[in-house]
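What follows is one structure encoded as structure tokens, with my remarks underneath.
Both counts, for ligands and for their atoms, begin at 1 and track the order of listing.
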Amino acid sequence: MSWEAVIGLEVHVRLATASKLFSGAASSYGAPPNATACAVDMGLPGVLPVPNREAIAMAIRFGLALGARIDRQSVFARKHYFYPDLPKGYQISQYEQPIVADGVLLIEGDQGERPITVVRAHLEEDAGKSLHEGLGGASGVDLNRAGTPLLEVVSGPEMHSAAEAGHYLRKLHTLVRWLGICDGNMQEGSFRCDANVSVRRVGATVLGTRSEIKNLNSFRFVEKAIAYEIERQIAVLESGGRVEQETRLFDPARGETRRMRGKEEAMDYRYFPDPDLLPVVIDEAWIEAIRETMPELPDARRARLEASYGLPRAQAALLTSDKDLADYFEAVLAVQPAVPPALAANWVTGEVLALHRGQGAPLVAPARLATLLARLEQGVISRLAAKEILEVLWQQCQQGEPPEDCDTLIDRLGLRQVRDDAVLHELVEAIITANPQQVAEYRQGKDRLLGYFVGQAMKRSAGRGDPKRLGELFAARLAAAPAGE
Ligand code: ADP
Ligand code: MG
């Protein structure tokens with residue numbers, strides 16, 4: 001009998017507010033230890049929390065994007081546990097009444113597109129961090145992160161493979177950045193995931209006992225940790241053992257998960273409504289005001305790119321994996337409506353992304369790319385030349401230099417395509433003279449050598465020959481009787 005894996009994800013999304021969830025201290029990353037921790041964040045006596053309106057607005061924005069229920073009244077609760085980085089002895093979170101419930105995120109499942117339930121999304125404050133390095137054997141506590149606003153997004157136990165979990169996470173990651181509520185920086189912990197994994201016999205209706213893998217901060221780690229955990233649990237069950245409900249950690253170096261602690265039950269946290277905070281009451285007018293500022297969402301935009309430009313689905317999905325990228329693509333078309341959308345899409349998802357990838361650097365201005373592609377389309381430059389020019393423009397962009405005008409650049413680099421037949425004829429003759437062996441073989445029927453001749457001519461002309469015209473000229477010239485060569 002075979003096994004079915006069941007996966008539910010809890011994602012902590014750090015909201016991109018200027019200040020913290022309950023204090024006015026800056027909610028930024030990377031300041032010297034405790035530089036952005038105020039009396040509220042430190043849990044000093046005599047202070048009171050004040051909710052951050054912007055964080056609540058971001059939660060509403062998220063809920064609207066998922067078609068979720070926005071609860072008109074939600075409650076902040078105290079969740080108690082003891083840890084050195086939690087000075088109050090409790091974390092302010094939401095428990096019985098979260099702000100967002102019952103939303104849906106569409107994922108590319110193992111068997112096609114499929115809705116995954118977002119059971120709830122609630123607001124909570126982050127804890128601080130313990131520091132164990134560079135303190136001469138002592139430990140320190142940095143409370144900069146304490147009180148930064150998190151939206152904890154909880155899925156239903158509805159995914160069935162590491163790949164499906166990966167899709168869900170990527171979609172969620174795209175969405176929160178798209179909405180402008182999170183910077184999505186996984187290295188800095190702005191988007192971290194706990195994965196709950198269990199297995200059961202195929203056909204069983206009851207869920208198996210789960211383990212929870214904590215604090216995964218890369219897509220790859222999530223997928224590896226889940227795949228490992230599924231195999232581990234199956235092995236435990238097949239050898240007659242029982243899976244324990246526990247919290248585990250993923251060790252990226254070994255590609256394994258290992259036990260951290262037994263899992264707490266909700267009652268261990270002694271939740272109760274925080275008496276220092278009133279219930280959050282949201283009125284219709286506020287929700288409507290936020291609804292009016294909602295952008296076209298990634299799925300809708302992908303569908304539109306497919307329908308209005310005839311792009312393949314995978315390419316439209318790639319373009320809409322990031323709002324800036326989708327905007328960029330459409331900006332290129334807006335500048336030069338004569339550029340075929342397929343050409344622009346190929347260049348944006350190909351050359352432009354390849355240059356940009358990993359650098360996080362600004363893209364070449366859309367107007368420049370648009371002109372470049374227009375010249376390519378008009379046959380003024382070759383594909384090779386266009387690549388070269390794009391690289392120059394990109395370098396200028398990285399160095400913060402004013403980018404050169406595309407046409408000026410074409411002439412400065414001498415890349416204007418040669419389409420003067422007289423010049424091309426000379427080129428053809430030169431290549432034929434230099435390659436008697438290949439010419440003989442071509443004439444004996446080795447047709448594919450035509451590409452070789454064109455390649456040689458392109459090389460000799462430093463990429464400036466028009467390859468299409470060169471092909472025609474070679475074919476005509478070599479079909480003719482050998483003229484005294
Ligand atoms: P907790 O209060 O311990 O965080 P929840 O009931 O809120 O537990 O569930 C947390 C996450 O675990 C959710 O994403 C849920 O889908 C998932 N989950 C719950 N039970 C299972 C299970 N048996 N197998 C896999 N995932 C599960
Ligand atoms: Mg949990």
Problem set entry | Sub-6.0 Å ring centroid separation between H173 and F191 |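 Centroid distance H173-F191: below 6.0 Å, so yes.
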
Polar-atom distance check: [X] versus ligand 1, any N or O pair below 3.5 Å?
X    : answer
S155 : yes
V154 : no
I7   : no

Exercise. Taking heavy atoms and a distance under 4.0 Å, where does V119 meet ligand 1: side chain, backbone, both or neither?
Worked result: neither

Where ligand 1 meets [X] - atom numbers and elements under 4.0 angstrom, heavy-atom basis:
X    : result
L9   : 14 (O)
E10  : 4 (O), 10 (C), 11 (C)
G156 : 16 (O)
G208 : 23 (N)
P157 : 16 (O), 26 (N), 27 (C)

Exercise. Does N52 reach the main-chain N or O of S19 with its side chain, forming a donor-acceptor pair under 3.5 Å?
Worked result: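 Yes: the side chain of N52 pairs with the backbone of S19.
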
For this session: Report the relative orientation of the aromatic rings in Y95 and Y271; use parallel for angles under 30°, tilted for 30 to 60°, perpendicular for over 60°.
Result: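 If you compare the ring of Y95 with that of Y271, the planes turn out parallel.
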
Problem set entry | Residues, nucleotides or ligands: over 12 heavy atoms within 6.0 Å of Y81 OH | yes

Problem set entry | Test: R291 cationic atom under 6.0 Å from W286 six-membered ring centre, within 45° of axis | no

Exercise. Can you name the residues that form a salt bridge (charged side-chain N to carboxylate O under 4.0 Å, His left out) with E164, not counting sequence neighbours?
Worked result: R114

Problem set entry | Partners meeting salt bridge (charged side-chain N to carboxylate O under 4.0 Å, His left out) with D85 (sequence neighbours left out) |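 Not a single residue meets the salt bridge (charged side-chain N to carboxylate O under 4.0 Å, His left out) criterion with D85.
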
Exercise. Relative to atom 5 (P) of ligand 1, which among R120, E212, R210 owns the nearest non-hydrogen atom?
Worked result: R210

